[in-house]
Trainee: 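Quick one: the structure is below, and I'll ask about it shortly.
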Amino acid sequence: MRVLVVGSGGREHALVETLAASHLEPEMFAAPGNPGISRIAETVDIPADDLVALRDFAKEKNIDLTVVGPEAPLIGGVAECFWEEGLRVFGPSRAAARIEGSKVFSKELMRNAGVPTARFEVFDRERAARDYLRNMGEYPIVVKTDGTASGKGVTVARNQEEAEEAVRAAFGGKFGDDGRRIVIEEKLEGREASIFVITDGVDILPFLPAQDYKRIGDGDEGPNTGGMGAYSPLMWMEPPTYAAILEEIIQPTLRQLALIGARYSGLLYAGVMVTEDGPKALEFNCRFGDPETQVVLPRLGTDLLELMLACEDGTLAGREIAWSSDKAVCVVLASEGYPESSHSGDEISGLDELPAGVYVYHAATGERDGKFHTAGGRVLNIVGTGGTVIEARARAYAAVETIHFEGMQYRTDIALEAIELEDI
Ligand code: AMP
Ligand code: GLY
């Protein structure tokens, strides 16, 4: 069995590690991978968005399953590209990946499926959007550009001025074509959770929920990032709420995709706000979350490769998924200047002496003369596991203390609220 993982971040490192541990004993490949991944897989120098080169490689090497980490190749149609050649790929079709690639598609799909979500309007002209904002009494409000805009297309505007600025930026070409249409929607209040399910298009198997920390600074201050930490499971989420998310958000969405003929197999990720009126969908992603994957996979008690093969073969029905009772906490170490910029080439020390119960995933590292250095914004993901959140968190932060590079920044409050909620 040969498996190829596409991507180069901490999420892909966690995927490669978990897949490599399968009892099917796969031979692992990664494109392009990173120095951490290169310890457990053969890395090949193909960028994640070169769909044809990926397919040719998979064909030439007789890869049995390709697992796609980032959204861009899926939105670009990597699944169809592989299917045409009879190759198996874990991830949805291009038509279904629009659920992440287009906010307008996603919101309209939710409306048609009756999925609870923030009230919204779509605009394709700046004038109409600004008129709408002028007549709108209610602030804050959320402005979203239609395309992914590298994760920077969402503005939570506190007043009309900020909202108008976001609208101007979008139509003014700040996000290229991604800004030609926008969604303006109601701001939801509550706690946010990341929900992952895997599906073969008909049946689903839910993973345990996780929480992500998007802002750079402690106390959720400062600009948005790709994610500065995560923990799982969520002790604040009651089982009936989780069941409602599956029944009212996930299931109808997948049914609606099937109804419009958009083939979805792979992982569906719902960003959910648990409000006073129940859970509501914020957004969907067509792939594993980063860094949530890093706190979910180390606790998975079922063979991930078998589950993924079942998704591709349409045989998920009747399968079960087991979890360790452990908790996991992930702290992201970022380089100087992140998220506005990033710093490369700073030598990383302290990665040799990591204690038990700690996982280190490389997210943006380079290697020179046997030494690791920074090579981007989010550099390393340090995951602590343990029987309680206190223990998992203490392990993660103790490991963080032993690691050093120039300008290293991280949040000190990851999973702090979870300790307060923990019943021990
Ligand atoms: P999205 O790319 O749609 O997930 O938006 C990014 C982040 O913006 C979400 O994870 C939320 O934290 C926030 N956000 C998006 N939409 C809303 C909303 N309607 N109400 C409150 N926060 C939101
Ligand atoms: N952690 C947010 C994301 O993966 O989109």
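We use all heavy atoms of the structure for the numbers below, so side chains are in, but hydrogens, waters and symmetry mates are not.
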Trainee: To check you understand the geometry: which heavy-atom pair defines the closest contact between Ala418 and Met235, and what is its length?
Mentor: CB-SD, 4.0 Å
Trainee: Please lay out, stage by stage, how Val183 and Asp146 fare under the test side chain to side chain contact (heavy atoms under 4.5 Å, CB included).
Mentor: CA-CA 7 Å; Val183 172; Asp146 185 33; 5.5 Å; no
Trainee: Check whether NZ of the Lys or CZ of the Arg Arg98 lies under 6.0 Å from the centre of the six-membered ring of Phe105 and within 45 degrees of that ring's axis.
Mentor: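 Yes, Arg98 lies over the aromatic ring of Phe105.
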Trainee: Looking at Arg158, I'd like to know if its CZ atom is crowded, meaning that more than 12 non-hydrogen atoms belonging to other residues, nucleotides or ligands lie closer than 6.0 Å.
Mentor: no
Trainee: Which class fits the ring pair Tyr397 and Tyr410: parallel under 30°, tilted 30 to 60°, perpendicular over 60°?
Mentor: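 Judged by the thresholds at 30° and 60°, the geometry between Tyr397 and Tyr410 is tilted.
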Trainee: Salt-bridged, Arg287 to Glu100, with N to O below 4.0 Å?
Mentor: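 Salt bridge present between Arg287 and Glu100.
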Trainee: If you take all heavy atoms of Val295 and Ala210, which pair is closest and at what distance?
Mentor: CG2-CB, 4.2 Å
Trainee: Enter the distance from Leu416:CG to Arg411:CZ here, rounded to the nearest 0.5 Å.
Mentor: 10.0 Å
Trainee: If I take atom CG from residue Leu4 and atom CG from residue Leu65, how far apart are they, to the nearest 0.5 angstrom?
Mentor: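 Between atom CG of Leu4 and atom CG of Leu65 there are 9.0 Å.
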Trainee: Write down the atom of Val6, the atom of Pro70, and the distance for their closest heavy-atom approach.
Mentor: O-CD, 3.2 Å
Trainee: Side chain of Thr385, backbone of Ala328: donor and acceptor closer than 3.5 Å?
Mentor: no
Trainee: Between Leu24 and Leu309, is any pair of side-chain heavy atoms under 4.5 Å apart?
Mentor: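 SC-SC contact between Leu24 and Leu309 confirmed.
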Trainee: Is it true that Tyr139 and Glu162 share a donor-acceptor pair across their side chains at a distance under 3.5 Å?
Mentor: no
Trainee: Establish, from distance only, whether the side-chain atoms of Asp212 and Ser194 form a donor-acceptor pair under 3.5 Å.
Mentor: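 No.
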Trainee: Of all residues at least two apart in sequence or in a different chain, which pass the side chain to side chain contact (heavy atoms under 4.5 Å, CB included) check with Glu161?
Mentor: Asn159
Trainee: Might you point out which heavy atoms bring Pro279 and Ile245 nearest each other, and give the distance in Å?
Mentor: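 Shortest heavy-atom separation between Pro279 and Ile245 comes out as CB-CG1, 3.5 Å.
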Trainee: Strictly by modelled atom types, are Ser8 and Asn34 linked by a side-chain donor-acceptor pair under 3.5 Å?
Mentor: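 Side chains of Ser8 and Asn34: no pair found under 3.5 Å.
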Trainee: Once rounded to the nearest 0.5 Å, what's the spacing between atom CG of Asp413 and atom CZ of Arg393?
Mentor: 7.5 Å
Trainee: Run the ring-ring contact (aromatic ring centres under 6.0 Å, His included) test against Phe120 and tell me which residues pass, sequence neighbours left out.
Mentor: none
Trainee: Using modelled atom types only, decide if a donor and an acceptor are shared between the side chain of Thr374 and the backbone of Val379 within a distance under 3.5 Å.
Mentor: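 A pair under 3.5 Å: no.
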Trainee: Is a side-chain donor-acceptor pair under 3.5 Å present for Gln211 with Glu292?
Mentor: no
Trainee: Can Val296 and Trp323 be said to form a side chain to side chain contact (heavy atoms under 4.5 Å, CB included), step by step?
Mentor: CA-CA 9 Å; Val296 169; Trp323 298 96; 3.6 Å; yes
Trainee: So do Val197 and Leu205 actually touch side chain to side chain, heavy atoms under 4.5 Å?
Mentor: no
Trainee: Taking Glu189 first and then Lys187, would you say they form a salt bridge - that is, a charged N and a carboxylate O separated by under 4.0 Å?
Mentor: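 So Glu189 pairs with Lys187 through a salt bridge.
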Trainee: Decide yes or no on ring-ring contact (aromatic ring centres under 6.0 Å, His included) for Phe123 and Tyr132, but give the supporting numbers first.
Mentor: CA-CA 9 Å; Phe123 297 92; Tyr132 177 81; 5.0 Å; yes
Trainee: Side-chain contact test, heavy atoms from C-beta onward, threshold under 4.5 Å: evaluate it for His23 versus Glu306 and give yes or no.
Mentor: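 SC-SC contact between His23 and Glu306 confirmed.
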Trainee: Just so I know, are the side chains of Pro92 and Leu74 near enough to count as touching, which here means a heavy-atom distance under 4.5 Å?
Mentor: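 Pro92 reaches Leu74 side chain to side chain.
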Trainee: Without hydrogens or angle criteria, can the side chains of Thr145 and Lys103 be said to hold a donor-acceptor pair below 3.5 Å?
Mentor: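 The answer is no; no qualifying pair exists.
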Trainee: Going through the distances and angles, do Leu282 and Thr117 end up as a side chain to side chain contact (heavy atoms under 4.5 Å, CB included)?
Mentor: CA-CA 6 Å; Leu282 284 172; Thr117 184; over 6 Å; no
Trainee: For Leu188 and Glu186, run side chain to side chain contact (heavy atoms under 4.5 Å, CB included): C-alpha distance rounded to whole Å, both residues' side-chain angles, the deciding distance at 0.1 Å, then the answer.
Mentor: CA-CA 6 Å; Leu188 299 175; Glu186 156 199 27; 3.9 Å; yes
Trainee: Looking at Arg191 and Glu417, does any basic side-chain N land under 4.0 Å from a carboxylate oxygen?
Mentor: yes
Trainee: With under 30° as parallel and over 60° as perpendicular, where do the rings of Tyr231 and Tyr213 fit, or are they tilted in between?
Mentor: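 Ring orientation, 0 to 90° scale: tilted.
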Trainee: His13 side chain to His362 main-chain N or O, any donor-acceptor pair under 3.5 Å?
Mentor: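 Such a contact is found between His13 side chain and His362 backbone.
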Trainee: Look at the side chain of Arg378 and the backbone N and O of Gly227, then say whether any donor-acceptor pair between them is shorter than 3.5 Å.
Mentor: yes
Trainee: Quick one: do Glu185 and Lys107 make a salt bridge, cutoff under 4.0 Å?
Mentor: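 Counted as a salt bridge, because a side-chain N and a carboxylate O are separated by less than 4.0 Å.
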Trainee: How long is the span from the CZ atom in Arg319 to the CG atom in Asp203, to the nearest 0.5 Å?
Mentor: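 It comes to 11.5 Å.
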Trainee: Which word best sums up how the rings of Phe90 and Phe288 line up, parallel for under 30°, tilted for 30 to 60°, or perpendicular for over 60°?
Mentor: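 Taking Phe288 first and then Phe90, their aromatic rings sit tilted (interplane angle of 30° to 60°).
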Trainee: Before accepting this row, confirm whether a basic side-chain N of the pair Asp313/Arg88 lies closer than 4.0 Å to the acidic partner's carboxylate O.
Mentor: yes
Trainee: For residues 39-48, run the donor-acceptor check on the side chains, cut-off 3.5 Å, and write out each pair with its distance to 0.1 Å, sequence neighbours left out.
Mentor:
residue, atom, partner, partner atom, Å
Arg39, NH1, Pro35, O, 3.3
Arg39, NH1, Glu367, OE1, 3.3
Arg39, NH2, Glu367, OE2, 2.7

Trainee: For a 4.5 angstrom cut-off between non-hydrogen side-chain atoms, does Pro209 reach Tyr242?
Mentor: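 Yes. Closest side-chain heavy atoms under 4.5 Å.
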Trainee: Quick one about Asp346 and His373 (side-chain donor to acceptor, distance below 3.5 Å, no hydrogens or angles considered), yes or no?
Mentor: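 Note: His373 and Asp346 side chains miss the donor-acceptor criterion.
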Trainee: I need the Ile382 CD1 to Glu401 CD distance, nearest 0.5 Å.
Mentor: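 These two atoms lie 11.5 Å from each other.
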Trainee: Between Glu192 and Lys214, is there a salt bridge with N-O shorter than 4.0 Å?
Mentor: yes
Trainee: Indicate yes or no: at least one non-hydrogen side-chain atom of Ile198 is less than 4.5 angstrom from one of Met308.
Mentor: no
Trainee: Side chains of Ser265 and Glu312 only: does a donor on one sit below 3.5 Å from an acceptor on the other?
Mentor: yes
Trainee: Are the side chains of Val142 and Ile184 in touch, meaning some heavy atoms are under 4.5 Å apart?
Mentor: no
Trainee: Between Asn112 and Gln256, is any side-chain donor less than 3.5 angstrom from a side-chain acceptor?
Mentor: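 Looking only at side-chain atoms, Gln256 and Asn112 do not form any donor-acceptor pair under 3.5 Å.
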Trainee: Do Met237 and Ile195 have side chains that get closer than 4.5 Å, going by heavy atoms?
Mentor: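 Of all side-chain heavy-atom pairs linking Ile195 with Met237, at least one is under 4.5 Å.
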Trainee: Does either side chain, that of Ser232 or that of Arg299, offer a donor lying less than 3.5 Å from an acceptor on the other one?
Mentor: yes
Trainee: Looking only at heavy atoms, which two atoms of Leu307 and Leu316 are closest? And how far apart?
Mentor: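 Looks like O-CD1, 4.1 Å.
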Trainee: Which heavy atom in Thr315 sits nearest to a heavy atom in Asp200, and how many Å separate them?
Mentor: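 Heavy atoms of Thr315 and Asp200 come nearest at N-OD2, 3.6 Å.
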